[in-house]
Number of protein chains: 2
Amino acid sequence: MKVYEYLTSYNIKPSVQRIAIMDYLLKHKTHPCIDEIYLALSKDIPTLSKTTVYNTLKLFVEHGAAKMLTIDERNACFDGDLSRHAHFQCKVCGRIYDIPLEEKRDEEAESMIQGGFTVEEAHRYYKGVCPRCAAGNAQKS
Amino acid sequence: MKVYEYLTSYNIKPSVQRIAIMDYLLKHKTHPCIDEIYLALSKDIPTLSKTTVYNTLKLFVEHGAAKMLTIDERNACFDGDLSRHAHFQCKVCGRIYDIPLEEKRDEEAESMIQGGFTVEEAHRYYKGVCPRCAAGNAQKS
DNA sequence: AAATAAAATTGTAACAATTACAGAATTTGA
DNA sequence: TCAAATTCTGTAATTGTTACAATTTTATTT
């Protein structure tokens with residue numbers, strides 16, 4: 001299985017729950033929060049505990065297999081896409097969009113490293129209103 | 001008084017509490033959280049309620065007189081510096097540093113606007129270890 | 001200046017996201 | 001198969017934030 005090896009490549013011991021959660025992350029680019037993942041997977045794994053979802057995502061982030069987004073004030077979101085990209089959250093519907101970044105070096109990060117900082121994460125995000133909502137098709141996701 | 005007019009310029013009716021909170025924000029570039037502000041000002045204003053600090057900062061953000069940072073997962077931080085700049089949070093001591101941004105246009109934002117997005121906020125931040133902590137002088141702030 | 005209305009502040013209670021923790025279940029390794 | 005280690009579960013505790021009603025303060029009208 002594919003996700004199985006993906007997890008092991010990050011030194012994460014696979015389990016039914018971990019595979020299901022990573023699989024969900026890789027297949028749903030919606031930047032889901034804990035609850036979304038929990039509710040979706042509970043259908044297949046009825047015994048799933050929300051604590052496990054918390055623990056597992058924390059594990060993923062620690063092993064570098066997922067990223068945590070703190071764009072949304074209310075709750076943390078998670079991203080299985082590890083490529084360099086920015087995010088945009090619509091203030092109306094709450095959706096988080098992926099925004100491609102021009103491939104160019106990050107001068108700020110470079111000068112920080114010069115200044116003695118160790119840079120482990122770089123986040124960039126925007127907020128505003130998405131085209132969908134601007135068009136009046138506002139709908140809570 | 002200076003802060004008084006500063007508040008009115010943002011259409012915020014000044015009060016003892018609001019002036020004290022804005023004054024604290026302008027004088028302390030530490031990106032304080034609610035609790036830091038509350039604890040610091042309680043000494044001068046013993047009747048101050050934490051709810052007031054919450055309400056007031058929400059008001060400031062709505063009127064564009066302050067910015068809320070969601071870098072720290074545990075609690076929101078606030079910044080009275082409205083100029084364009086990035087932030088760096090040290091994972092060891094938790095300090096949030098200001099990082100100057102080269103003055104150049106934000107191509108990503110521009111292309112998003114082209115794509116129909118309304119961009120109201122742009123955030124950029126980094127995480128890692130600061131020089132102080134790297135040198136071993138780790139100390140929780 | 002007194003009375004009234006409006007706005008701001010306070011404190012408690014409710015709420016929601018997250019974490020701690022101990023017991024149950026599962027996996028691993030002899 | 002049995003013991004040890006790991007993972008998972010569910011409840012309880014914790015914490016940041018918000019709702020709300022009562023009180024206080026400020027502004028307005030008479």
Side-chain angles (χ1 to χ4, degrees), chain A residues 1 3-4 7-8 10-24 31-63 65-66 68-78 89 94 96 140, chain B residues 1 3-4 7-8 10-24 31-63 65-66 68-78 89 94 96 140:
Chain A
M1 194 205 210
V3 183
Y4 187 96
L7 286 176
T8 56
Y10 282 99
N11 285 313
I12 297 166
K13 218 190 281 184
S15 72
V16 174
Q17 292 84 347
R18 289 173 182 177
I19 290 171
I21 293 171
M22 181 52 84
D23 189 60
Y24 187 89
H31 315 90
C33 62
I34 296 285
D35 242 64
E36 179 180 331
I37 299 172
Y38 172 69
L39 289 174
L41 298 183
S42 302
K43 286 159 193 160
D44 302 308
I45 310 172
T47 64
L48 185 67
S49 166
K50 200 180 277 190
T51 300
T52 299
V53 182
Y54 273 103
N55 291 340
T56 302
L57 284 164
K58 192 180 175 192
L59 188 81
F60 288 177
V61 171
E62 283 167 359
H63 283 73
M68 175 159 61
L69 308 182
T70 55
I71 303 180
D72 196 44
E73 295 122 56
R74 20 189 94 264
N75 33 224
C77 301
F78 296 88
Q89 183 174 45
I96 296 174
K140 281 278 170 207
Chain B
M1 196 206 208
V3 183
Y4 187 97
L7 287 177
T8 55
Y10 282 99
N11 285 312
I12 296 166
K13 217 191 280 186
S15 71
V16 175
Q17 292 85 346
R18 289 173 181 177
I19 290 170
I21 293 172
M22 181 51 86
D23 188 61
Y24 188 88
H31 314 90
C33 61
I34 296 285
D35 242 64
E36 180 180 331
I37 300 172
Y38 172 69
L39 289 174
L41 297 183
S42 302
K43 285 157 193 159
D44 302 308
I45 312 171
T47 64
L48 185 66
S49 164
K50 200 181 277 189
T51 300
T52 300
V53 183
Y54 273 102
N55 291 340
T56 303
L57 284 165
K58 193 180 173 191
L59 189 81
F60 287 177
V61 171
E62 284 167 357
H63 283 72
M68 175 159 63
L69 308 181
T70 54
I71 303 181
D72 196 45
E73 295 120 58
R74 21 189 93 262
N75 34 224
C77 301
F78 295 88
Q89 182 173 44
I96 296 175
K140 281 278 171 205

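Values below: all heavy atoms of this structure, side chains included; hydrogens, waters and symmetry mates excluded.
In this entry the distance linking CD of Glu62(A) with P of dT19(C) reads 11 Å, nearest Å. When the C1' atom of dT18(C) is taken as reference, atom CG of Asn55(A) falls 11 Å away, rounded to whole Å. One can place CG of Asn75(A) at 18 Å from P of dC15(C), the figure rounded to the nearest angstrom. dA8(C) atom P lies 14 Å from atom NZ of Lys58(B), rounded to whole Å. Here dT10(C) presents its P atom at 14 Å from CD1 of Ile34(B), a figure rounded to the nearest Å. The CG atom of Leu57(A) sits 11 Å away from the P atom of dT19(C) (whole-angstrom rounding). The nearest whole Å value for the distance from the CG atom in Leu48(B) to the P atom in dT9(C) is 9 Å. Taking atom CD on Glu73(A) and atom P on dT18(C), their separation rounds to 13 Å, with Å as the unit.
Between dT10(C) and Thr51(B), no contact under 4.0 Å exists linking OP1 or OP2 to a side-chain N or O.
No side-chain donor-acceptor contact under 3.5 Å links Thr56(B) to the backbone of Arg18(B). Listed for the Thr70(B) side chain is no donor-acceptor partner under 3.5 Å among the backbone atoms of Glu73(A). Checked by atom type and distance alone, the side chain of His63(A) never pairs as donor or acceptor with a backbone atom of Ile12(A) at under 3.5 Å. Distance alone, capped at 3.5 Å, places no donor-acceptor pair between the Gln89(A) side chain and the Ile96(A) backbone.
To the nearest 0.5 Å, atoms NZ (Lys43(B)) and CG (Leu48(B)) are separated by 12.5 Å.
Taking 4.0 Å as the cutoff to heavy atoms of chain A, we find the contact window on DNA chain D bounded by dT6(D) to dT11(D).
Heavy atoms of Thr52(B) sit under 4.0 angstrom from at least one base atom. Among the atoms of the strands shown, only primed sugar atoms or phosphate atoms (P, OP1, OP2) are found under 4.0 Å from some heavy atom of Gln17(A).
Taking both residues in full, the closest heavy atoms of Asp72(A) and Arg74(A) are given as OD2-CG, 2.9 Å, listed atom of the first, atom of the second, then distance. Smallest separation of non-hydrogen atoms from Val53(A) and Ile21(A): CA-CD1, 4.0 Å.
Comparing dT18(C), dT12(C), dT9(C) by their nearest atom to the side chain of Tyr54(A) picks out dT18(C). Closest contact between the side chain of Lys13(B) and the listed nucleotides dT9(C), dT18(C), dA7(C) involves dA7(C).
In this structure, Ile45(B) and Ala76(A) both approach DNA chain C, and ranking their closest nucleotides by distance from the 5' end singles out Ile45(B). In terms of position on DNA chain C, the residue among Lys50(B) and Pro14(A) whose nearest nucleotide sits closer to the 5' end is Lys50(B).
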